[in-house]
Each structure stands twice: as C-alpha cells, then as structure tokens.
Amino acid sequence: MSLFRYIFIQHFEKSLINKLTIPDVLTNPCQRSPQPCQNQGTCIWTGGSKYTCLCPEGFTDHNCQTDIDYCVGVTCNNGGTCIDGLTSFTCSCAEYYTGKYCGLDMCKPYPTDVIFVIDSSNSCSPEYFNITKNFIKSVTKEWEITVNNFQVAIVSYADNSYTELNFDSSMNKISFDAFISQMNPRGGISEIHKGINHAVNILYNRNRVVSSSQVKKYIIVLSDGLPSTPSMISTVSGHRIETLAVAVGEDVSHHFLSVITGGSEKIFPYNNDRLWHYMMNALIDQSCDICQRSEEGDVLFAVDTSNGWQNLDLATKVPTIINKILSGLKLGPMNKQIALLTFASSSYLRFDFNKYNNETERQNLQRQLSSLLKLPIPIPILQP
C-alpha cells in the first residue's frame with residue numbers, strides 16, 4: 001500500500017468517526033463553554049437539550065451551584081460553634097470541652113465502663129471478701145454512675161465465673177452500694193482466668209457511645225492472684241481494655257497479678273486510694289486545673305542504732321542529715337507527716353505520724369532529733 005493511500009484512508013476513518021460520535025454542539029449543553037455544571041460537577045447529556053449534573057461532595061441542586069450547609073440542624077453543646085466544611089461539619093468547642101458535639105467535659109472523668117472481677121472462692125476469707133466489698137464502695141464513692149458517665153458491672157469467680165451484676169443504665173451509686181452490701185462468697189476453687197475471660201467477653205461485645213465518642217473500658221481484678229490453674233493465666237490485651245489489679249488476701253502473688261495486668265505498676269493496695277488517683281489521672285484531661293497535685297505523704301525515718309554507729313555520729317551527723325531532708329518538706333495533715341523508728345537487736349518507735357503533724361511542731365521535732373543515742377536493749381520480763 002502506498003503512503004498516499006494509507007494517509008487518505010486514515011483521514012477518511014477519522015472524519016467518519018467524528019461525524020458518528022460528536023453530537024451537535026447546538027443541542028448538547030455539555031459541549032458548551034462554560035458547561036452548566038458548576039463547582040467541578042460532571043455534565044452528562046441525556047438527549048436534546050437535557051443534561052444531568054453529577055455533583056462532587058458538598059454541593060447540590062441541578063447545576064451543583066449550592067454549597068451544602070452541613071451545620072443546618074446541628075447543635076454544638078456547651079458554647080461550641082459549628083463550622084461548615086466541604087464534606088461535613090466540625091464543632092469548635094469551648095475550653096475544656098470535647099467530642100463531636102462538644103458534649104464531653106474534659107474536667108470530669110471520661111465516660112467509662114468498669115467491670116470489677118472479684119474472688120468469690122475459698123481462697124478469699126470472709127474478712128477479705130468484706131475488704132473487697134468495702135474497697136469497691138470506696139473507689140466508686142465519687143463516681144457519677146449514670147447513663148452518660150460511669151457504668152459498672154461485677155463478675156465473680158470460684159469454680160466458674162458468674163455475672164453478679166450486669167451493666168444497667170438505670171443503676172446509680174445508691175443502688176450499686178446496696179447491691180454490694182448483700183453480696184456473699186460462693187466458695188470453691190480459684191479459677192481466676194474464668195472470671196477475667198468472662199469480663200473480657202462482656203466488654204468486647206459492649207459498644208457504649210456517649211456524645212458520639214466510644215467510652216473507655218476497664219477491668220479491675222480484686223484478688224490474691226493465687227490461681228488453681230496457673231497455666232491458664234495470661235495477660236489481658238487488645239480490645240481497648242485496660243486491666244488493673246488490687247492485691248487482696250493474706251498471701252498475695254504479685255507475679256500472677258503482674259502477668260494478668262501486664263506490669264507491676266498496675267497493681268494497687270486495697271488500703272489507700274492510689275487506684276482512684278491512677279484512674280482519675282487517666283480519665284481527666286491534664287490541661288484541666290481542677291485537679292491539683294497532692295502534697296500528702298508519710299515519711300518514716302528508720303535509723304540503725306546498732307554497734308555499727310558511734311554515739312557521736314548518732315548525736316550529730318544523723319540528726320543533721322534528717323534535718324536537712326526535713327528542711328525541704330512542709331509538715332501538716334495535707335502535706336508531709338513524719339515518724340521515726342530506730343532499730344538494733346530490736347526496733348523502737350520514737351514517735352509516730354501523729355506527734356509532729358504541723359509546722360508549729362517543727363522546733364519540737366528538731367529537738368527530738370537532736371540526739372539519737374543508742375537505747376538500752378529492753379530486758380524481757382519473765383512471767384512467773
């Protein structure tokens with residue numbers, strides 16, 4: 001085929017295709033300039049002079065000429081302001097509020113689901129079962145147990161696991177404490193893993209939302225950590241669940257409690273409020289100034305007065321060291337309280353935390369510390 005004939009055929013085919021596929025510009029509005037669809041809408045010719053516009057997100061009406069106002073019908077709570085975006089809205093919240101609709105007060109504990117897992121087996125004596133109940137009442141004493149704040153449940157374990165109290169939106173602090181008071185142990189072996197797995201399943205299948213935000217989830221295990229089946233103990237992980245433990249019992253296995261929680265820093269004693277402070281620190285935003293750092297603390301000085309010390313050292317060097325430490329401490333019931341213990345072959349409490357518990361007693365305290373001479377070894381009194 002000659003080059004001339006090839007060029008002619010190609011030109012003819014292109015002309016034919018153009019005549020067959022290009023619609024009449026006078027009747028197809030999509031071929032006009034500018035085309036009728038605004039805001040980068042896509043024009044689709046439907047025949048004659050008719051067309052349809054496919055609008056991008058955020059625009060509507062026949063020619064995509066109207067910007068959708070996503071703030072219509074939206075209420076941003078607590079002084080929040082609605083800001084219309086290209087494809088959605090955003091609530092600009094006032095200080096210390098957050099959430100999709102500014103419904104969460106950052107200076108209050110974040111809405112949270114908590115399951116207490118308690119030892120109801122023979123491993124937990126009646127004394128420690130009562131300690132468990134009293135601790136739960138104490139740690140929840142300032143919680144708002146309502147539909148939009150804290151929700152609580154209780155799972156016990158012995159031979160098996162039991163839902164003692166399930167989540168109930170009508171529950172409040174009064175009814176919760178009343179339920180705790182009437183609980184009794186079940187007895188049996190200590191299958192702690194069954195109670196924990198039971199709690200995990202409940203929280204995993206529960207998806208509570210407050211102000212369009214997923215609530216936080218906690219498991220709090222109150223136990224001596226002594227399992228009947230040690231091989232079944234494992235760390236609770238995943239599902240956005242944090243697990244904490246409270247050591248309750250005559251003999252406690254911190255090892256197994258550490259395995260359950262994933263670390264010893266998540267094990268707490270039952271006889272103070274460390275767990276409460278830990279949770280409030282996690283659930284209240286740190287930008288809030290309503291929570292002030294506590295200066296409370298008990299300081300016990302234990303001084304060796306055995307033969308390893310000279311009397312001169314006990315009379316001068318040791319008191320000087322203690323007084324130097326005390327100079328940086330503020331004394332008082334809401335600050336630091338001091339006690340002093342000396343020991344050699346036996347121990348002796350020189351004074352307890354109640355003796356010098358305010359700044360007015362500082363001089364008396366310094367006089368008490370002025371000499372730490374060895375005490376005579378107490379002679380036991382023989383009984384007839």
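The structure displayed is predicted, hence computed values, not measured ones.
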Do [X]'s NZ or CZ and the ring of [Y] fall within the cation-pi criteria of under 6.0 Å and 45°?
X: Lys194; Y: Tyr157; answer: no
X: Arg186; Y: Tyr162; answer: yes
X: Arg362; Y: Tyr356; answer: no

Measure across [X] and [Y] and return the closest heavy-atom pair with its distance rounded to 0.1 Å.
X: Phe351; Y: Leu365; value: CZ-CD1, 3.4 Å
X: Phe176; Y: Met171; value: N-SD, 3.5 Å
X: Gln214; Y: Asn207; value: NE2-CA, 3.3 Å
X: Asn77; Y: Gly103; value: ND2-CA, 4.4 Å
X: Leu340; Y: Leu300; value: N-CD1, 4.1 Å
X: Lys216; Y: Tyr110; value: CG-CD2, 3.6 Å

_For the pair Cys53/Cys43, is the SG to SG distance below 2.5 Å?_
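Disulfide absent: SG-SG distance not under 2.5 Å.
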
*Would you say the SG of Cys37 sits less than 2.5 Å from the SG of Cys55?*
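No, no disulfide: SG-SG not under 2.5 Å.
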
*Decide side chain to side chain contact (heavy atoms under 4.5 Å, CB included) for Asp224 and Val248; before the verdict, give the C-alpha distance in whole Å, the side-chain angles of both, and the deciding distance to 0.1 Å.*
CA-CA 5 Å; Asp224 58 11; Val248 180; over 6 Å; no

*Begin from the C-alpha positions of Cys76 and Cys91 and carry the test disulfide (SG to SG under 2.5 Å) through to its verdict.*
CA-CA 6 Å; Cys76 296; Cys91 281; 1.9 Å; yes

Looking at [X] versus [Y], is the centre-to-centre ring distance below 6.0 Å?
X: Tyr278; Y: Phe268; answer: yes
X: His62; Y: Tyr51; answer: yes
X: Tyr101; Y: Phe89; answer: yes

*Can Leu341 and Val303 be said to form a side chain to side chain contact (heavy atoms under 4.5 Å, CB included), step by step?*
CA-CA 6 Å; Leu341 176 78; Val303 179; over 6 Å; no

*Working for side-chain hydrogen bond (donor to acceptor under 3.5 Å, both in side chains), residues Thr229 and Glu191*: CA-CA 7 Å; Thr229 315; Glu191 297 286 29; 2.8 Å; yes

I'd like to know if the side chain of [X] reaches the main chain of [Y], judged simply by a donor and an acceptor atom lying under 3.5 Å from each other, with no hydrogens or angles considered.
X: Lys50; Y: Trp45; result: no
X: Lys217; Y: Leu203; result: yes
X: Asn39; Y: Gly41; result: no
X: Gln151; Y: Thr146; result: yes
X: Thr320; Y: Thr316; result: yes
X: Thr261; Y: Gly263; result: yes
X: Gln31; Y: Pro29; result: no
X: Lys173; Y: Lys137; result: yes
X: Asp84; Y: Tyr70; result: yes
X: Asn28; Y: Cys30; result: yes

Could you tell me if [Y] and [X] have a donor-acceptor pair between their side chains, going purely by distance under 3.5 Å?
X: Ser306; Y: Asp304; result: yes
X: Thr163; Y: Asn166; result: no
X: Asn364; Y: Glu361; result: yes

*Can Ile192 and Met232 be said to form a side chain to side chain contact (heavy atoms under 4.5 Å, CB included), step by step?*
CA-CA 9 Å; Ile192 184 173; Met232 299 300 293; over 6 Å; no

*Between Asp113 and Arg208, is there a salt bridge with N-O shorter than 4.0 Å?*
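Yes, this pair counts.
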
So, taking the atom named [atom1] in [X] and the one named [atom2] in [Y], what distance separates them when rounded to the nearest 0.5 Å?
X: Ile220; Y: Thr140; atom1: CD1; atom2: OG1; value: 9.0 Å
X: Ser125; Y: Asn130; atom1: OG; atom2: CG; value: 8.5 Å
X: Leu165; Y: Ile118; atom1: CG; atom2: CD1; value: 10.0 Å
X: Asp61; Y: Gln38; atom1: CG; atom2: CD; value: 10.0 Å
X: Ile260; Y: Leu244; atom1: CD1; atom2: CG; value: 12.0 Å
X: Asp298; Y: Asp352; atom1: CG; atom2: CG; value: 10.5 Å

_Verdict with supporting geometry, Thr132 and Leu222, side chain to side chain contact (heavy atoms under 4.5 Å, CB included)_ = CA-CA 7 Å; Thr132 294; Leu222 293 99; 4.0 Å; yes

*Between Asn281 and Gln286, is a side-chain hydrogen bond (donor to acceptor under 3.5 Å, both in side chains) present by the stated rule, with each step listed?*
CA-CA 7 Å; Asn281 187 61; Gln286 296 301 298; 3.1 Å; yes

Using a 6.0 Å cut-off, check whether atom [atom1] of [X] has over 12 heavy atoms from anything other than its own residue.
X: Gln182; atom1: CD; value: yes
X: Glu265; atom1: CD; value: yes
X: Tyr204; atom1: OH; value: no
X: Leu54; atom1: CG; value: yes
X: Glu250; atom1: CD; value: no

_Apply disulfide (SG to SG under 2.5 Å) to residues Cys82 and Cys71 and explain how you reach the verdict._
CA-CA 6 Å; Cys82 186; Cys71 284; 2.0 Å; yes

*Relative to the ring of Tyr270, is the ring of Tyr128 parallel (under 30°), tilted (30 to 60°) or perpendicular (over 60°)?*
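Rings of Tyr128 and Tyr270: perpendicular, over 60°.
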
*Show your working on disulfide (SG to SG under 2.5 Å) between Cys107 and Cys288 and close with a plain yes or no.*
CA-CA 6 Å; Cys107 296; Cys288 279; 1.9 Å; yes

